[in-house]
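Working notes, structure below.
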Amino acid sequence: MARKTENNGPSVSAQEALEFHAMGRPGKLEIVATKPMATQRDLSLAYSPGVAVPVLAIAEDPSRAFDYTTRGNMVAVISNGTAILGLGNLGALASKPVMEGKAVLFKRFADVDSIDLEVDTEDADEFINCVRYLGPSFGGINLEDIKAPECFIIEQRLRELMDIPVFHDDQHGTAIISAAGLINALEITGRDMKTTKMVCNGAGAAGIACIELMKAMGFSPENIILCDTKGVVFQGRTEGMNQWKSAHAVKTEARSLAEALDGADVFLGLSAKGALTAKMVQSMAKNPIIFAMANPDPEITPEEVAKIRTDAIMATGRSDYPNQVNNVLGFPYIFRGALDVRATTINDDMKIAAARALAELARQDVPDDVAAAYQGNRPKFGPSYIIPVPFDPRLIAAIPMAVAKAAMDSGVARKPILDLDRYAQELSARRDPIASTLQRIYDRVRRQPKRIVFAEGEEEQVMRAAVSYVNQRLGTAILLGRDDVIKENARHAGIELNKQGIEIINARLSRRNSVYTDYLYERMQRKGFLFRDCQRLINNDRNHFAACMVALGDADGIVTGVTRNYSTALDDIRRVIDAKPGHRVIGASIVLARGRTVIVADTAVHDMPNAEQIADIAEEAAGFARRMGYEPRLAMLAYSTFGHPQGERSERVQEAVRILDKRRVDFEYDGEMAADVALNSRAMAQYPFIRLTGPANVLIMPAFHSASISTKMLQELGGSTVIGPLLVGLNKPVQIVSLNAKDSDIVNMAAIAAYTAGA
Ligand SMILES: NC(=O)C1=CN([C@@H]2O[C@H](COP(=O)(O)OP(=O)(O)OC[C@H]3O[C@@H](n4cnc5c(N)ncnc54)[C@H](OP(=O)(O)O)[C@@H]3O)[C@@H](O)[C@H]2O)C=CC1
Ligand SMILES: CC(=O)C(=O)O
Ligand SMILES: [Mg+2]
């Protein structure tokens with residue numbers, strides 16, 4: 001069953017899907033220990049006798065389970081497989097791939113630990129009894145793919161029996177996401193909820209929950225017609241009814257989906273593949289809103305709709321079309337927020353808050369790192385972009401925050417969050433380990449804001465970075481460039497520069513122009529530069545102008561690099577700014593990998609340093625590590641460890657270690673050693689004389705090529721996040737980004753420049 005689509009998104013074949021699930025360890029999940037289990041002592045702590053201590057503590061005070069066990073961050077995804085996606089009742093075992101999938105999405109998107117449980121019964125009471133006793137294991141229960149009407153009874157009963165959130169994702173997750181998409185689609189088509197006519201096809205778990213939420217949000221009950229396999233759910237109908245359908249039965253002459261849809265504004269499809277025909281779409285109102293959400297195949301495809309109407313807003317549940325209205329946008333983040341306040345339940349206020357936050361996100365300008373989630377096609381709020389994609393990195397901060405606040409306001413939070421700013425930062429840190437390292441830097445810069453000059457002010461990503469710098473309250477952003485060009489480029493890119501904290505300076509027209517020229521000439525006159533050469537550099541080269549601004553105190557730091565290669569930009573800057581007295585300029589990169597942070601140097605300046613220079617690099621890097629908040633344990637790396645195997649390259653490193661010995665530096669260091677010895681305590685244990693007290697957190701490379709190659713490989717193959725190279729040792733804060741830097745990279749570098757300006 002090869003799936004072909006006419007869009008740019010991923011399209012997968014059946015074979016690919018099977019191979020994906022079978023490759024390596026079958027399935028999509030494994031359990032990883034969070035504590036070391038290497039020694040006898042570890043065993044004594046983790047298991048008998050040590051484990052008895054938290055047991056007794058929890059027996060005395062059950063809330064301690066959140067401190068000593070996984071409970072507070074653990075959600076069970078539970079199904080009996082009676083409504084697997086839109087595939088029908090295929091049983092508990094067959095539902096396992098979907099449930100494993102939901103569990104990994106919890107982890108990937110919101111750092112919620114999750115496990116799937118497939119319960120092999122269709123009997124509601126048996127199912128309830130199975131789940132109700134699992135409460136102590138979990139912080140929340142996500143029910144999935146259980147068919148209506150049993151799902152309503154099961155969820156209702158479990159909510160009564162359990163004191164943790166029980167949330168049937170197909171009901172409420174779907175309702176929240178469709179509500180968010182619909183809020184925006186109504187806005188774009190100029191409709192009012194109260195008068196919008198909607199037809200919901202599918203009167204099961206998802207359909208019923210969706211229209212309940214829509215009504216709670218302001219849709220008029222008489223304007224919503226519900227349909228199922230028997231047609232319209234009208235007042236007086238007896239066939240195929242249940243109490244949940246009856247609650248939404250309306251007085252209408254319409255009996256079929258086709259009749260109901262005549263003139264309707266909105267179609268919500270939560271039924272089955274192919275349920276909506278071209279003819280029905282034809283009969284809908286102007287600018288119809290069509291959410292064909294059946295999975296994996298929608299009620300009608302976007303291609304089919306496009307053939308007959310060009311005025312429709314079209315969404316499906318799939319990731320390979322625009323406007324994916326799928327509950328994956330909700331459940332990870334909703335549980336994140338609920339867990340973080342130890343909510344007893346997920347109530348309507350929390351659901352509506354999530355829907356509104358999601359809708360709001362789609363209306364905001366999309367920054368560079370978010371554009372990457374959209375394959376670089378920066379979307380603009382409109383018919384093809386009514387809702388963010390699941391990979392949108394803003395979701396992790398926005399949705400849990402809204403949910404947690406709503407939980408606190410509605411009185412269901414057992415552990416209210418007192419510092420919401422800190423919570424926002426913690427949420428961002430969950431998405432990307434870099435965020436927690438940067439958090440401290442951002443915090444301090446906010447307390448001591450700085451004026452940063454963005455030397456390439458005419459570039460779009462630089463303007464975005466400047467706006468973000470100011471919006472994040474980090475200080476003033478100075479954009480260097482021609483005023484008219486900057487304004488035109490900003491207008492074209494939809495960037496609002498007209499705000500306090502953003503200044504534009506045109507080097508040629510600046511009243512400081514002659515002062516800077518004199519300053520540069522003073523420095524360069526004996527290095528082959530005439531006055532007019534300096535004048536030209538100040539007029540035309542923004543790196544020189546920016547460097548003079550900082551050198552003469554008109555700004556606190558510089559960010560540059562998106563239009564020049566690294567070494568050219570550094571040469572420009574070095575004409576104006578020297579090394580700090582007694583220091584050597586180096587490049588240091590911060591590498592975040594598997595929860596560890598290491599600083600690698602020199603990643604930018606010295607090609608093949610001699611022993612003296614390697615020792616200097618080590619000192620600079622150690623100082624940098626301290627300024628970043630790490631107590632340095634520094635490994636002088638080579639291909640050999642303590643003399644084996646011998647080689648000329650290693651001798652230079654050995655010599656550098658001896659130089660550091662003589663200098664009596666005040667940090668831990670040792671070498672020469674191979675990278676595995678430096679980073680792995682077991683490998684390190686083979687050298688009992690080693691002077692490091694633990695695995696190294698600063699790695700000094702023997703040469704530029706090994707530094708550059710290893711950090712780039714870590715980034716590309718190891719999935720590590722690398723910040724840098726950061727310039728260290730200059731007398732003034734300057735950071736040079738890479739040519740392909742995104743706005744978020746530029747803001748980080750600006751923040752680091754501002755941070756070092758205060759150091
Ligand atoms: N995009 C998303 O995020 C989500 C999408 N869905 C999709 O919604 C669909 C329903 O799921 P769910 O509510 O959990 O399942 P349920 O089994 O609880 O309900 C299915 C409902 O669909 C109706 N139905 C089935 N086929 C048709 C048809 N051809 N025409 C009209 N109605 C039909 C059934 O009618 P009857 O009552 O007469 O049997 C029933 O009311 C699935 O395709 C699923 O993939 C679900 C959750 C999330
Ligand atoms: C997305 C989802 O949960 C479903 O289709 O059932
Ligand atoms: Mg589902």
Side-chain angles (χ1 to χ4, degrees), residues 77-90 95 97-103 105-106 116 122 142-155 167-182 199-213 225-233 237 239-246 248-249 255-258 260-261 267-277 280 290-300 315-319 321 323-332 334 358 387 390:
V77 176
I78 310 185
S79 183
N80 62 0
T82 48
I84 308 177
L85 309 174
L87 303 170
N89 183 351
L90 301 176
S95 76
V98 176
M99 303 314 131
E100 286 186 1
K102 296 264 175 183
L105 295 177
F106 265 115
D116 60 299
E122 290 188 24
N142 183 91
L143 300 172
E144 190 68 45
D145 291 359
I146 303 168
K147 79 175 172 63
E150 294 81 2
C151 66
F152 303 124
I153 300 163
I154 289 170
E155 191 201 41
F167 179 87
H168 183 200
D169 181 35
D170 298 283
Q171 292 185 53
H172 314 297
T174 317
I176 290 165
I177 313 312
S178 339
L182 203 49
V199 175
C200 177
N201 199 44
I208 296 274
C210 279
I211 63 173
E212 276 174 3
L213 188 66
I225 298 183
L226 187 60
C227 297
D228 61 10
T229 52
K230 309 280 183 298
V232 170
V233 177
R237 192 182 111 173
E239 197 191 358
M241 292 293 282
N242 58 43
Q243 67 184 88
W244 294 272
K245 292 183 188 178
S246 295
H248 300 286
R255 291 293 176 266
S256 66
L257 176 62
L261 272 173
F267 170 82
L268 276 196
L270 292 153
S271 48
K273 176 182 179 179
L276 184 65
T277 65
M280 295 179 198
I290 301 171
F291 286 8
M293 291 179 279
N295 285 315
D297 296 299
E299 282 78 2
I300 190 165
T316 70
R318 292 166 54 132
S319 55
Y321 289 113
N323 292 335
Q324 183 183 16
V325 175
N326 190 303
N327 52 28
V328 64
L329 281 166
F331 65 83
I334 293 162
L358 200 52
I387 196 149

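What's counted below: heavy atoms across the whole structure, side chains too, no hydrogens, waters or symmetry copies. Positions are given from 1 along the sequence. Just so you know, ligand 1 is whichever comes first in the structure, and atom 1 is the first atom listed for that ligand.
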- Task: Indicate yes or no for a side-chain donor-acceptor contact from D170 to the backbone of D145 under 3.5 Å, with no hydrogens or angles considered.
- Result: yes
- Those atoms of ligand 1 less than 4.0 Å from some heavy atom in A83: 15 (O), 17 (O)
- Task: Using a strict 4.0 Å cut-off to heavy atoms of A272, name the atoms of ligand 1 that fall inside it.
- Result: 26 (N)
- Message: Suppose we only allow N, O or S atoms; which atom of D170 ends up nearest to the Mg ion (ligand 3)?
- Response: OD1
- Is it true that the side chains of E122 and N89 contain a donor and an acceptor less than 3.5 Å apart? yes
- Short check: any N/O/S atom of D169 below 2.8 Å from the Mg ion (ligand 3)? no
- Going by heavy-atom distance to atom 16 (P) of ligand 1, choose the closest among A205, P149, P296. A205
- Note on the structure: Min over V325, L270, N327, I146 of heavy-atom distance to atom 6 (N) of ligand 1 lands on L270
- Query: By side-chain contact (heavy atoms from CB on, under 4.5 Å), which residues pair with A179, not counting sequence neighbours?
  - Reply: L213, M214, M217, A355
- Query: Restricting to N, O or S atoms of D145, which is nearest to the Mg ion (ligand 3)?
  - Reply: OD1
Contact table ligand 2 N or O to protein N or O, d under 3.5 Å:
from     : atom 1 : to   : atom 2 : distance (Å)
ligand 2 : 3 (O)  : K102 : NZ     : 2.9
ligand 2 : 3 (O)  : E144 : OE2    : 3.0
ligand 2 : 3 (O)  : D170 : OD1    : 3.1
ligand 2 : 3 (O)  : N327 : OD1    : 3.4
ligand 2 : 3 (O)  : N327 : ND2    : 3.0
ligand 2 : 5 (O)  : N295 : ND2    : 2.8
ligand 2 : 6 (O)  : D145 : OD1    : 3.0
ligand 2 : 6 (O)  : D170 : OD1    : 2.9

- Query: Any idea which heavy atoms bring A175 and C210 closest together, and the distance?
  - Reply: CA-SG, 3.5 Å
- Item | Result of checking I208, N201, V199 against L226 for side chain to side chain contact (heavy atoms under 4.5 Å, CB included) | I208
